Visitor: 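Take this structure, written in structure tokens, and hold onto it; I'll ask about it next.
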Amino acid sequence: MSEYIALPPLPGELDRERVLAHLPKVMATIKRNIARIGERNPKIGNADYSWTHCGPFDWVSSFWAGQLWLCYQTTADEQYKNSAKLRKSYFANMLLDPFWLDHDLGFQYSLSCVAEYKLTGCEESKMMALRAADHLIHRFRKVGGYIVAWNDTHPLALEKPDVIQGKSIIDSLQNTALLFWAAEVTGAPRYREVAIRHSETLAKHIVRDDYSTYHSFNFDPIYQTPVKGETFQGYADESCWARGQSWAIHGYAQTYQYTKDDSFLQLAKKLARFAAEVITPDGVPVWDYRLPADEIQYKDSSAGAITAAGFLLIAQSLEDKAETLPRESEERQQLLGEANEYRDWGLYLLQGLMDQCDLCDNEQAQGLLANGASFVKVGLCDNMLPYGDYYYLEALMRAHGYRNFFW
Ligand code: GLY
């Protein structure tokens, strides 16, 4: 029997029906914004709830496409599909200039080309996503066992040129989905081997003993030996950046989905329990879980949305395991009880976002959630963020039992 990782009691009342009833409104808001956004890819929200848009190579460029593809999958409404397809040339152009590509290929191509291939069978999209997966595995450092995050063109390279070549980051636990998909489509094991080894290496180094996390972990760029954990977007090296923790929760739950290796699910649950113990009772995370009390306590709705989707993915994984067991077995009852805890926490986090950050009733808003914190230390806080919106939709869909996503 796998270990039961209990969560703390919910910090407030949960109205499950109200949370579930919100999905159609979110989809209608996405539809309302199709014409306003047009062919552009949202990057970060402005004060009037319009968007600043992505230039080439932006890591966030696929999150609007991902929302459109999910809505198309659910409704078969061609308007979502036609708008999503308009972005194809953006992703084709990126592949022409590979020096700017980094570990974010997983985000960029799973939600655009993999989505299009899965929903329409488009061969061109499949080939583009496979090329992206090839670029991603070339970032793997075989001796160290990790995918190197960034290039010498990253802003951090100016500040720390000695560490950039040996830096891994927590966000990439989501990006490995592209490699798992490529292994399934091609039958070539190398993609999957890289994804698993990278996940194992980060489990060892980027996750601390108390199941909080570093944002990044440095390896010696020449000898590939582990050096130390650091932050880039968090408050401090030894703090716990809330979105980083959310990438790990969702990422390890997803790695379990692809591998069915129980150690990844156990890890996802322990990372989730850490978050549940430190999230403020209103259910929307402060941007860093170890932010000193005298700092401005900006919220990060995107961390809340990714965490909610992660909790619900853990709940689905536990339910799926339970389904394989005899009806009356003790283990099945235990798994279903545990799944309910994770499900309720996921719904509670969604309720927090609905009550405090939701913009669906604001006719001017071109996004779904306010109060995202992209990068507080450079002044990017209190914004709409397309990834917060994407995971808000994903989490609401998981709450309804949807299981087909593009990772
Ligand atoms: N991938 C960078 C972030 O989460 O902000």
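All ligand and atom numbering here is 1-based and tracks the order in the structure. Just so we're clear, the structure is a prediction, and the values are computed from it rather than from any experiment.
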Visitor: Can you say whether the rings of F311 and Y342 are parallel (under 30°), tilted (30 to 60°) or perpendicular (over 60°)?
Guide: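 The rings of F311 and Y342 sit tilted, inter-plane angle from 30° to 60°.
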Visitor: Is the ring pair Y72/W69 parallel, tilted or perpendicular, if the boundaries are 30 and 60 degrees?
Guide: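 Ring orientation of Y72 relative to W69: perpendicular.
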Visitor: Can you say whether the rings of W150 and H215 are parallel (under 30°), tilted (30 to 60°) or perpendicular (over 60°)?
Guide: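 It falls in the perpendicular class, over 60°.
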Visitor: Give a yes or no on whether the ring-centroid distance for F375 and W241 is below 6.0 angstrom.
Guide: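 No; W241 has its ring centre 6.0 Å or more from that of F375.
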Visitor: Looking at residues at least two apart in the chain, or sitting in another chain, which of them share a side chain to side chain donor-acceptor pair (under 3.5 Å) with R190?
Guide: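 By the side chain to side chain donor-acceptor pair (under 3.5 Å) rule, R190 matches no residue at all.
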Visitor: Would you say the rings of H135 and Y109 are close, in the sense that their centroids are separated by under 6.0 Å?
Guide: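 No.
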Visitor: Tabulating one pair per line, provide the atom names and distances (0.1 Å) for every N/O atom of ligand 1 that is less than 3.5 Å from a protein N/O atom.
Guide:
{"from": "ligand 1", "atom 1": "1 (N)", "to": "D171", "atom 2": "OD2", "distance (Å)": "2.6"}
{"from": "ligand 1", "atom 1": "4 (O)", "to": "R243", "atom 2": "NE", "distance (Å)": "2.9"}
{"from": "ligand 1", "atom 1": "4 (O)", "to": "W247", "atom 2": "NE1", "distance (Å)": "2.9"}
{"from": "ligand 1", "atom 1": "5 (O)", "to": "Q233", "atom 2": "NE2", "distance (Å)": "2.8"}
{"from": "ligand 1", "atom 1": "5 (O)", "to": "R243", "atom 2": "NE", "distance (Å)": "3.4"}
{"from": "ligand 1", "atom 1": "5 (O)", "to": "R243", "atom 2": "NH2", "distance (Å)": "2.5"}

